Engineer: 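Sharing a structure below in C-alpha coordinates format, with a few things to ask.
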Amino acid sequence: MANIQSIKSLSTADLLANKSTNPIEGSSTDFAQELKNALGNVNQMQVDGEKAMSDIATGSVKDLHQAAIAIDKAEISMKLMLEVRNKALNAYKEITRTQM
(Lines give C-alpha, C1' and ligand atoms only; values in the text may rest on other atoms or scores of the structure.)
Protein backbone atom coordinates (compact mmCIF):
# COMPACT_ATOMS: atom_id res chain seq x y z
CA MET A 1 0.00 0.00 0.00
CA ALA A 2 1.33 3.41 -0.90
CA ASN A 3 2.24 5.89 1.79
CA ILE A 4 -0.35 8.56 2.32
CA GLN A 5 1.15 11.96 2.84
CA SER A 6 -0.33 14.09 5.56
CA ILE A 7 -2.68 16.84 4.50
CA LYS A 8 -1.13 20.22 5.12
CA SER A 9 -3.49 22.99 6.13
CA LEU A 10 -3.11 26.06 3.97
CA SER A 11 -3.11 29.55 5.31
CA THR A 12 -4.72 32.49 3.56
CA ALA A 13 -1.27 33.64 2.48
CA ASP A 14 -0.65 30.26 0.82
CA LEU A 15 -3.97 30.47 -1.01
CA LEU A 16 -3.26 34.01 -2.21
CA ALA A 17 0.21 32.99 -3.37
CA ASN A 18 -1.29 30.10 -5.37
CA LYS A 19 -4.00 32.30 -6.88
CA SER A 20 -1.93 32.93 -10.00
CA THR A 21 -2.05 29.20 -10.82
CA ASN A 22 -5.85 29.23 -10.99
CA PRO A 23 -6.89 27.95 -14.46
CA ILE A 24 -10.05 30.05 -14.48
CA GLU A 25 -8.04 33.25 -14.13
CA GLY A 26 -6.34 32.69 -17.47
CA SER A 27 -9.59 32.70 -19.42
CA SER A 28 -10.26 35.78 -21.49
CA THR A 29 -14.07 35.65 -21.38
CA ASP A 30 -15.98 37.34 -18.63
CA PHE A 31 -19.33 36.50 -17.05
CA ALA A 32 -21.32 38.79 -19.32
CA GLN A 33 -19.86 37.16 -22.43
CA GLU A 34 -20.54 33.65 -21.08
CA LEU A 35 -24.12 34.65 -20.28
CA LYS A 36 -24.56 36.10 -23.76
CA ASN A 37 -23.22 32.88 -25.31
CA ALA A 38 -25.56 30.77 -23.17
CA LEU A 39 -28.55 32.88 -24.17
CA GLY A 40 -27.55 32.54 -27.81
CA ASN A 41 -27.42 28.75 -27.41
CA VAL A 42 -30.85 28.71 -25.77
CA ASN A 43 -32.22 30.86 -28.58
CA GLN A 44 -30.78 28.52 -31.21
CA MET A 45 -32.32 25.51 -29.46
CA GLN A 46 -35.67 27.31 -29.43
CA VAL A 47 -35.41 27.98 -33.16
CA ASP A 48 -34.50 24.34 -33.81
CA GLY A 49 -37.41 23.17 -31.64
CA GLU A 50 -39.88 25.41 -33.47
CA LYS A 51 -38.58 24.17 -36.83
CA ALA A 52 -38.98 20.58 -35.65
CA MET A 53 -42.57 21.29 -34.53
CA SER A 54 -43.41 22.88 -37.88
CA ASP A 55 -41.84 19.93 -39.70
CA ILE A 56 -43.99 17.54 -37.66
CA ALA A 57 -47.10 19.62 -38.36
CA THR A 58 -46.47 19.71 -42.10
CA GLY A 59 -45.44 16.06 -42.29
CA SER A 60 -42.02 16.85 -43.72
CA VAL A 61 -40.11 15.41 -40.77
CA LYS A 62 -37.49 12.84 -41.74
CA ASP A 63 -36.78 11.42 -38.28
CA LEU A 64 -39.51 11.74 -35.68
CA HIS A 65 -37.15 10.85 -32.82
CA GLN A 66 -34.68 13.59 -33.70
CA ALA A 67 -37.53 16.10 -33.92
CA ALA A 68 -38.82 15.04 -30.49
CA ILE A 69 -35.30 15.34 -29.06
CA ALA A 70 -34.91 18.85 -30.51
CA ILE A 71 -38.24 19.89 -28.96
CA ASP A 72 -37.26 18.44 -25.57
CA LYS A 73 -33.84 20.13 -25.70
CA ALA A 74 -35.52 23.47 -26.36
CA GLU A 75 -37.95 22.97 -23.47
CA ILE A 76 -35.27 21.89 -20.99
CA SER A 77 -32.87 24.67 -21.98
CA MET A 78 -35.64 27.25 -21.53
CA LYS A 79 -36.50 25.87 -18.08
CA LEU A 80 -32.82 25.95 -17.09
CA MET A 81 -32.42 29.51 -18.33
CA LEU A 82 -35.48 30.60 -16.35
CA GLU A 83 -34.13 28.96 -13.19
CA VAL A 84 -30.76 30.68 -13.64
CA ARG A 85 -32.58 33.99 -14.11
CA ASN A 86 -34.65 33.39 -10.96
CA LYS A 87 -31.55 32.54 -8.92
CA ALA A 88 -29.74 35.62 -10.21
CA LEU A 89 -32.70 37.84 -9.33
CA ASN A 90 -32.94 36.30 -5.86
CA ALA A 91 -29.21 36.89 -5.33
CA TYR A 92 -29.55 40.51 -6.48
CA LYS A 93 -32.49 41.08 -4.13
CA GLU A 94 -30.55 39.53 -1.25
CA ILE A 95 -27.54 41.76 -1.96
CA THR A 96 -29.71 44.88 -2.09
CA ARG A 97 -31.24 43.97 1.30
CA THR A 98 -27.80 43.62 2.86
CA GLN A 99 -26.92 46.55 5.04
CA MET A 100 -23.41 47.89 5.09
Side-chain angles (χ1 to χ4, degrees):
M1 184 172 219
N3 291 337
I4 299 176
Q5 296 177 354
S6 64
I7 298 173
K8 173 179 108 173
S9 70
L10 295 174
S11 67
T12 307
D14 293 334
L15 292 173
L16 290 174
N18 292 334
K19 186 177 180 182
S20 63
T21 61
N22 190 355
I24 296 173
E25 191 175 297
S27 65
S28 62
T29 59
D30 58 347
F31 179 75
Q33 186 63 36
E34 290 296 324
L35 187 60
K36 185 177 178 182
N37 292 341
L39 288 174
N41 290 340
V42 169
N43 185 43
Q44 185 59 45
M45 286 184 197
Q46 292 294 316
V47 169
D48 293 344
E50 287 179 15
K51 184 180 181 314
M53 281 193 272
S54 67
D55 286 349
I56 290 172
T58 60
S60 64
V61 67
K62 293 182 176 126
D63 188 5
L64 186 61
H65 296 291
Q66 291 298 324
I69 290 171
I71 293 167
D72 286 342
K73 278 184 179 181
E75 181 182 359
I76 290 170
S77 66
M78 179 61 80
K79 286 181 181 179
L80 176 64
M81 192 246 338
L82 289 174
E83 286 299 320
V84 168
R85 181 204 64 177
N86 291 342
K87 291 291 184 181
L89 285 175
N90 287 339
Y92 174 75
K93 288 177 184 175
E94 186 68 27
I95 289 171
T96 57
R97 283 193 297 253
T98 304
Q99 295 179 0
M100 300 225 182

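Only a predicted model underlies this, so the values are computations on that prediction, with no experimental measurement involved. The figures that follow rest on heavy atoms only: side chains count, while hydrogens, waters and symmetry mates do not.
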Engineer: When hydrophobic residues are tied together by side-chain contacts of less than 4.5 Å, even through go-betweens, does L82 share a cluster with V42?
Structural biologist: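 Yes: a chain of side-chain contacts under 4.5 Å links L82 to V42.
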
Engineer: Taking atom CG of D30 and atom NZ of K36, what is their separation to the nearest 0.5 Å?
Structural biologist: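 Rounded to the nearest 0.5 Å, the CG-NZ separation comes to 10.5 Å.
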
Engineer: Roughly how far, to the nearest 0.5 Å, is the CD atom of E50 from the CG atom of D55?
Structural biologist: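 It is 12.0 Å, given to the nearest 0.5 Å.
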
Engineer: For residues M78 and L39: do they belong to one hydrophobic cluster (side chain heavy atoms under 4.5 Å, members Ile, Leu, Val, Met, Phe, Trp, Tyr)?
Structural biologist: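 Both belong to a single hydrophobic cluster.
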
Engineer: If I take atom NZ from residue K51 and atom OG from residue S60, how far apart are they, to the nearest 0.5 angstrom?
Structural biologist: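 Answer for the NZ-OG pair, K51 versus S60, is 6.5 Å.
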
Engineer: Taking atom CD1 of I95 and atom CG of N90, what is their separation to the nearest 0.5 Å?
Structural biologist: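 Separation between the atoms: 11.0 Å.
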
Engineer: Could you state whether I71 and M45 fall into the same hydrophobic cluster, counting links through intermediate Ile, Leu, Val, Met, Phe, Trp or Tyr residues with side-chain heavy atoms under 4.5 angstrom apart?
Structural biologist: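 Result: no, two separate clusters.
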
Engineer: Got a salt bridge between K79 and E75, using NZ or NE/NH1/NH2 to carboxylate O under 4.0 Å?
Structural biologist: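 E75 and K79: salt-bridged.
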
Engineer: Tell me whether L64 is reachable from M53 by hopping between hydrophobic residues (I, L, V, M, F, W, Y) whose side-chain heavy atoms are closer than 4.5 Å.
Structural biologist: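 Looking at the clustering, L64 is in the same group as M53.
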
Engineer: How long is the gap from CG on L35 to CE on M81, to the nearest 0.5 Å?
Structural biologist: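 Result: 9.5 Å between the selected atoms.
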
Engineer: Just by distance, no angles: are the side chains of Q33 and N37 close enough, under 3.5 Å, to form a donor-acceptor pair?
Structural biologist: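 Side-chain D/A pair, Q33 to N37: present.
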
Engineer: Please name the pair of heavy atoms, one in A74 and one in G49, separated by the smallest distance, quoted to 0.1 Å.
Structural biologist: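 Smallest heavy-atom distance, with atoms named: CB-CA, 4.2 Å.
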
Engineer: Output yes when a side-chain donor or acceptor of T98 lies under 3.5 Å from a complementary backbone atom of E94, and no otherwise.
Structural biologist: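 Indeed, once roles are kept as given, a pair shorter than 3.5 Å links the two residues.
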
